[in-house]
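Notes for the one structure printed next.
Sequence lines set the chain letters: A, B, ... in the order given, protein chains first and strands last, and positions in each chain run from 1.
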Amino acid sequence: MRDGVRETRGGGPRLRFAPSPTGYLHVGSARAALYNWLVARREGGRLVLRIEDTDAARGREEWVEGILDVLSWLGLDWDEGPYRQSTRTERYREVAEQLFRSGAAYYCDCTREAVDERAKAAGRPPGYDRWCRTRGLGPGPDRALRFAVPLEGETTVADRIRGEVTFSNAQLDDFALLRSNGAPLFLLCNVVDDADEAITDVVRGEDHLPNTPKYQLLWEAIGARPLPRFAHLPMLVNERRQKLSKRRDPVRVEDYRAEGYLPEAMCNYLALLGWGPENDQEVLELDELVAQFSLERVNHAPAFFDPVKLRHFNGVWIRRLDPATFRARCEPFLRAAPWPADAFDAAAFTRLAPAVQERVGTLSEVVGMVSFLFEEPLQMEEAAWAKLARAPETPAILVAARASYADVAWEAEPLHAATAAIADAAGLKLRQAQAPIRLAVTGRLVGPPLFDALEALGRARALERLDRAIERAATA
RNA sequence: GGCCCCAUCGUCUAGAGGCCUAGGACACCACCCUCUCAAGGUGGAGACACGGGUUCGAAUCCCGUUGGGGCUGCCA
């Protein structure tokens, strides 16, 4: 083995996750990573992380860091790597050279234009026509190296999910191994690395299935070791049933992270896309997934990535957090919030946090639910205020609350009782009476339970806000 | 166009020939609970794409049709 790529001896399967650093981690890639991780853990194998950064034009160091960071955040660790293809160019060239010498590959100086023209002139569909296969070209500038696919016979892929898939070799084209500038291409690097890293199981997206016969033929030409087993996962699609697109669809895992999705929820939901447990228990943590997961039970059909259901799972996972953990996970979101840093009051937040925890689908929603505690002046929902201020009972309710709250014991229960009394006196339901008070004090019509909110806010600020609202109502 | 994959409620799935009057979850609707909103509880509507076989029996097996999707780069 070269370049620090080593082979572990003995035992279990070896899997790999091999993202290309072309952007941030895509949810589809995350699911592939998760499935690889689950299989490795479940079957007592090892997971290799490999960065497929052969295309220098694309790779960027920060992309790589971003991917590693998100994988770690998800809780998916790896046993080896990250290995980088960009450090192994010589190795790929060496294998390419062997393939040329053995006659398994040949040099080609056709330009893209020439290939297209020939196809058009002959009325064939576009694609390479093996023009140089018998020309006996040697290496040289502007010559790509192509693999000489057998003209006859069939190649069968044994897929753990789909069973056997057979391709006719004649249908495969003589794909390129090296670019005319000498740079190694995907299939070559992929196969060489899988061989050098002693990969035994390839678990990847279904979009790779048509590549697999080429992969196998190349593998055999290199002649290293037994072919890995394959498993091609169904695609993740959008509402239009198309492969998720980076442009149109929300696919960046780190965007979900930034919005306050929990890694537990993300893994749980992703696991359920293409696979389902045998019983009805769908909320599962990573180790439960490891215990139950099985590639053979993975579905064949594409799955819609449903952000709504993800959010539901996220809410479930948020509610499962113990109070201290919930507060800790909220911290980054509270720190980035729109109020001045010194306005944050940890005690007030702690008082209200349990009520908030039950009500949010993402951590970023916490900010809006507690902002009334920290922002000054209060942001008022003007549309709601305009409507409520016109209601005939509003001024009286506010005035009565102002008076009553001035000397009630400042805890949720007494506040509740006091407000109920006000409602009673006004001949209103508590639900009706609390609305103007809530709006005056929190600026919103919905939020955590009013009396908990009042308690957390404190008497002085609550009275102040009631005063201000009474004033506004009077001048309206 | 060619090659390949796929097909159970709107969505994600359970279902490996009789256990299916097709189960669960999200979303939806109603009711309950309730200081708003959520959460929770109860109930409801909602699917085996179609057509042929095979079989005593098919959502499950086979073939075809239709419909989706992927690949078809000197990208990965």
Charged N-O contact under 4.0 Å between A:Glu264 and A:Arg329: yes
For [N] and [M], measure between their [atom1] atoms and round to the nearest Å.
N     : M     : atom1 : answer
B:A27 : B:A38 : P     : 11 Å
B:C29 : B:C61 : P     : 37 Å
B:U65 : B:C3  : P     : 13 Å

[N] - base-pair partner by Watson-Crick or wobble geometry, distances under 3.5 Å:
N     : result
B:G64 : B:C50
B:A16 : none
B:G10 : B:C26
B:C74 : none

Round to a whole Å and report the spacing from NE2 of A:His312 to P of B:G24. 15 Å
A:Phe167 CZ to B:G70 P: how many Å, rounded?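 Rounded to whole Å, this separation is 16 Å.
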Would you please confirm or rule out a distance under 4.0 Å between OP1 or OP2 of B:G15 and any side-chain N or O of A:Arg297? yes
Side-chain N or O of A:Arg311 less than 4.0 angstrom from OP1 or OP2 on B:C26?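 It does not, given that no N or O in the side chain of A:Arg311 lies less than 4.0 Å from OP1 or OP2 of B:C26.
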Just call it for A:Gly274: base, sugar-phosphate, or nothing, with non-hydrogen atoms closer than 4.0 Å on any strand. sugar-phosphate
Taking side chain as C-beta onward, heavy atoms only, is A:Pro82 less than 4.5 Å from A:Val64? no
Any side-chain to backbone donor/acceptor pair from A:Asn314 onto A:Gly260? Under 3.5 Å, distance only.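 Such a contact is found between A:Asn314 side chain and A:Gly260 backbone.
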Using the six-membered ring wherever Trp is involved, compare the ring planes of A:Phe293 and A:Tyr35 and label them parallel, tilted or perpendicular (cut-offs 30° and 60°).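 Because their plane-to-plane angle is over 60°, the rings of A:Phe293 and A:Tyr35 count as perpendicular.
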Would you please determine if the base of B:G70 is stacked by A:His232, with stacking meaning a centroid separation under 5.5 angstrom and planes under 30 degrees?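 No, aromatic ring not over the base.
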Against A:Asp174, only a single residue in A:Arg146, A:Arg130, A:Lys214 fulfils side chain to side chain donor-acceptor pair (under 3.5 Å); can you say which?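 Answer after filtering A:Arg146, A:Arg130, A:Lys214: A:Arg130.
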Select one nucleotide: of B:C6, B:C3, B:C26, the one nearest the side-chain heavy atoms of A:Pro302.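 Of the options given, the side chain of A:Pro302 lies nearest B:C6.
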